[in-house]
2 protein chains.
Amino acid sequence: MTITEVSEKYDVSQDTLRYYERIGLIPRVNRNKSGVRNYTEEDCNWVEFIKCMRSAGLPIEVLIEYVGLFQKGDATIGARRELLTEQRKQLAAKMEDMKKTLERLDYKIEVYEQRVVVKERELKRSED
Amino acid sequence: MTITEVSEKYDVSQDTLRYYERIGLIPRVNRNKSGVRNYTEEDCNWVEFIKCMRSAGLPIEVLIEYVGLFQKGDATIGARRELLTEQRKQLAAKMEDMKKTLERLDYKIEVYEQRVVVKERELKRSED
DNA sequence: ATAAAACTTGGAGTTTACTCTAAGTCAAAC
DNA sequence: GTTTGACTTAGAGTAAACTCCAAGTTTTAT
């Protein structure tokens, strides 16, 4: 696949794809004889995986480390598992915080609903 | 309360507190005769609220708008409720995405666990 | 065959959200 | 009474994560 196709498929700009590759956030993509990137299915999977992890807020630095470990082969399986476990923990904690914020928003919205009703009654009274 | 006290209480730097006020992310804090900020309890509540909403990822722009509406008084109650409702929706959607990412991490970790076990067995065999 | 489109690289520029600096004021401690 | 420390402002600087640009291929279409 070309960079255009990958960019469209995963809704990631070409510049971002090149940038991610440059900083090691995805492994290097092979080029054809004239230097043009040819994304394999595995490359695509990396793009999709990184997009997903980034959107959940995993730090770029950590993901670069993960890719680095991956490229070092099977000897790093334990380290990769540990890295993911730590990130999983942090993600779960963040979601807990967000849940509390969500509940707080719900409460605030509820209070506003009531105030809107009060406001409407006031308006109605002033019509009389 | 002084800016130092507020900064310590909510773990937000003094610079950030001034910055938030400057851009209208919290209402203007009153100063004493010599120009020093004196945070009321309401000011503190704003700091805490904004800190919470920001940590959940609500955009600064939107929060500035919310503060602006608040300062316009009761006529904006409906608009404020709508704004919060929209943000609540987006937050819930983001949490849904994060939940999928979390599950994906769980799956990946599980697969890694199995591979670690396989690796250990290999090592054991090579010991014999 | 030549113009237009798509790609390459390295490096500069942008945006967001702070964070720091400089220059100055004011109150309190010694 | 002066120096130390906390505060003020306006504006400059920074880090992260892109995003854009320039100059140069290569491929595609006419």
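We use all heavy atoms of the structure for the numbers below, so side chains are in, but hydrogens, waters and symmetry mates are not. Small disclaimer: the values here were computed from a predicted structure and weren't measured. Sequence lines set the chain letters: A, B, ... in the order given, protein chains first and strands last, and positions in each chain run from 1.
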Rounded to the nearest 0.5 Å, the CG atom of B/L91 sits from the CE atom of B/M98 at a distance of 9.0 Å

Please state whether the rings of A/Y112 and B/Y66 are parallel, tilted or perpendicular, taking 30° and 60° as the class boundaries.
perpendicular

For nucleotides 5-7 of chain C, which of its nitrogen or oxygen atoms have a protein nitrogen or oxygen under 3.5 Å away, and what is each distance?
{"residue": "C/dC7", "atom": "OP1", "partner": "A/T4", "partner atom": "OG1", "Å": "2.4"}
{"residue": "C/dC7", "atom": "OP2", "partner": "A/T4", "partner atom": "OG1", "Å": "2.3"}

One should read off an interatomic distance between A/I50 CD1 and A/I60 CD1, to the nearest 0.5 angstrom, of 9.0 Å

*Check against side-chain contact (heavy atoms from CB on, under 4.5 Å), A/M1 and A/T40*: CA-CA 7 Å; A/M1 279 180 103; A/T40 64; over 6 Å; no

Numerically ordered, the residues 39-53 of chain B set in heavy-atom contact under 4.0 Å with DNA chain C is none

When rounded to the nearest 0.5 Å, the distance separating CZ of A/F49 from CG of A/L63 is 6.5 Å

Are A/Q114 and A/E110 close enough, and set up right, to give a side chain to side chain donor-acceptor pair (under 3.5 Å), and what steps lead you there? CA-CA 7 Å; A/Q114 291 165 8; A/E110 209 176 284; 4.6 Å; no

To the nearest 0.5 Å, atom OH of B/Y39 lies from atom CG of B/N45 at 13.5 Å

Residue pairs passing the side chain to side chain donor-acceptor pair (under 3.5 Å) test with at least one member in residues 100-109 of chain A, sequence neighbours excluded, are A/R104-B/E48, A/D106-B/R88

Here the side chain to side chain donor-acceptor pair (under 3.5 Å) pairs for residues 15-27 of chain B, sequence neighbours left out, are B/S13-B/T16, B/Q14-B/R18, B/E21-B/R31, B/E21-B/R37

Value for CD1 (A/I77) from CZ (A/F70), rounded to nearest 0.5 Å, stands at 10.0 Å

- Item | Note: B/E127-B/K124 ion pair, threshold 4.0 Å (strictly below) | no

Quick tally for nucleotides 17-24 of chain C: nucleotides whose base has a protein heavy atom under 4.0 Å get B, sugar-phosphate-only ones S, the rest -, giving BBBB----

d(A/N30 CG, A/E42 CD) to nearest 0.5 Å is 10.5 Å

Outermost contacting nts on DNA chain D, any atom under 4.0 Å from chain B heavy atoms, listed 5' then 3', are D/dA6 to D/dG11

